[in-house]
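Reading through the structure tokens given below for one structure.
All residue numbers in this chain count up from 1 along the given sequence.
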Amino acid sequence: MPQPEPDPAAQRILVVDDDATVAEVVVGYLEKEGFTVGRAADGASALRRAAESRPDLVVLDLMLPGLDGWEVCRRLRADGPVPIIMLTALGAETDRILGLELGADDYMAKPFSPRELALRVRSVLRRATNRPSGGLLRAGGIVLDTEARRAEHNGAPLALTVREFDLLAFLLAHPGRAFDRPALMRRVWGWEFGDLSTVTVHVRRLREKIEADPARPALIVTVWGVGYRFDPPPQGGG
């Protein structure tokens with residue numbers, strides 16, 4: 001029986017996993033959800049496929065033959081913004097944190113529910129493709145164009161992942177207000193529950209990109225016992 005032609009308007013997902021059983025289940029479920037799904041079993045072929053046709057999102061296993069998932073993530077991010085959901089071994093917290101630090105937008109621990117993965121894919125894609133109204137946000141030498149999803153810092157382009165952009169935009173839109181990590185997870189990630197270290201890692205990455213001294217942050221400050229607050233500098237300070 002002939003296969004139906006893929007929908008050219010469907011969002012393209014690249015699934016990278018050397019476990020044929022896992023990959024088959026994930027690909028099948030995402031295709032049923034209406035996505036156009038490609039598959040790669042190792043890091044080198046994943047990079048080739050991404051170069052030939054840039055995906056809208058990559059589902060990336062960390063443990064791959066040859067180039068591991070961390071290196072694939074690093075190279076994908078070096079070529080431009082692409083949302084990445086990493087798949088990690090259950091309980092491998094250091095793996096998850098490293099993946100987030102390299103620019104992954106989300107992660108899931110194996111074994112996982114294909115339905116939950118599809119929900120995470122839609123959540124990340126929605127935030128990557130939405131064009132919220134509000135124009136420009138400016139503070140501390142930072143300029144965010146929330147419609148074009150472009151960022152600058154002191155006049156230079158600022159490379160941000162999907163979640164980094166969303167988190168920074170949220171903080172800039174609420175200057176002087178402290179938010180705890182569960183609130184940031186709800187408001188930025190859209191999750192009612194999850195690993196709160198995700199928020200911590202993203203705050204640390206933002207500080208490394210926008211603070212003059214990330215060890216002594218002046219913009220995204222820690223409110224002890226509460227969470228984080230964006231402190232805009234006085235007028236004339238940026």
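In this structure a side-chain-to-backbone donor-acceptor pair under 3.5 Å is missing from Arg177 to Arg229. The main-chain N or O of Ile220 is found under 3.5 Å from a side-chain atom of Arg207 such that the two form a donor-acceptor pair. A donor-acceptor pair is defined here as one N or O able to donate and one able to accept, closer than 3.5 Å; such a pair exists between the side chain of Asp105 and the backbone of Val162.
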Just distance, no hydrogens or angles: give the donor-acceptor pairs under 3.5 Å from side chains in residues 151-161, sequence neighbours left out.
unit_1, atom_1, unit_2, atom_2, d
His153, NE2, Ile210, O, 3.2
Thr161, OG1, Glu164, N, 3.2

Below 3.5 Å, can you tabulate the donor-acceptor pairs from side chains in residues 64-71 to any protein atom, sequence neighbours excluded?
unit_1, atom_1, unit_2, atom_2, d
Asp68, OD1, Trp70, N, 3.2
Asp68, OD1, Glu71, N, 2.9
Glu71, OE1, Arg74, NH1, 2.4
Glu71, OE2, Arg75, NE, 2.8

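Using a 4.5 Å heavy-atom threshold, the side chains of Thr222 and Trp224 count as touching. You'll find the side chain of Asp18 stays beyond 4.5 Å of the side chain of Asp42, heavy atoms only. Between Val121 and Leu57, the closest side-chain pair of non-hydrogen atoms falls below 4.5 Å. The closest side-chain heavy-atom distance from Leu172 to Leu144 is below 4.5 Å. Looking at heavy atoms from C-beta onward, Ile142 lies in side-chain contact with Leu219 at the 4.5 angstrom threshold.
Shown here are the ring-ring contact (aromatic ring centres under 6.0 Å, His included) partners of Phe179, two or more places apart in sequence or in another chain: Phe170, His174.
Remark: Arg138 does not engage Asp145 in a salt bridge, criterion side-chain N to carboxylate O under 4.0 Å.
In this structure, CG in Asp180 is found 10.5 Å from OH in Tyr228, a value given to the nearest 0.5 Å. Interatomic distance, Asp61 CG to Asp17 CG, rounded to the nearest 0.5 Å: 4.0 Å.
Arg39 and Ser45 share no side-chain donor-acceptor pair at under 3.5 Å.
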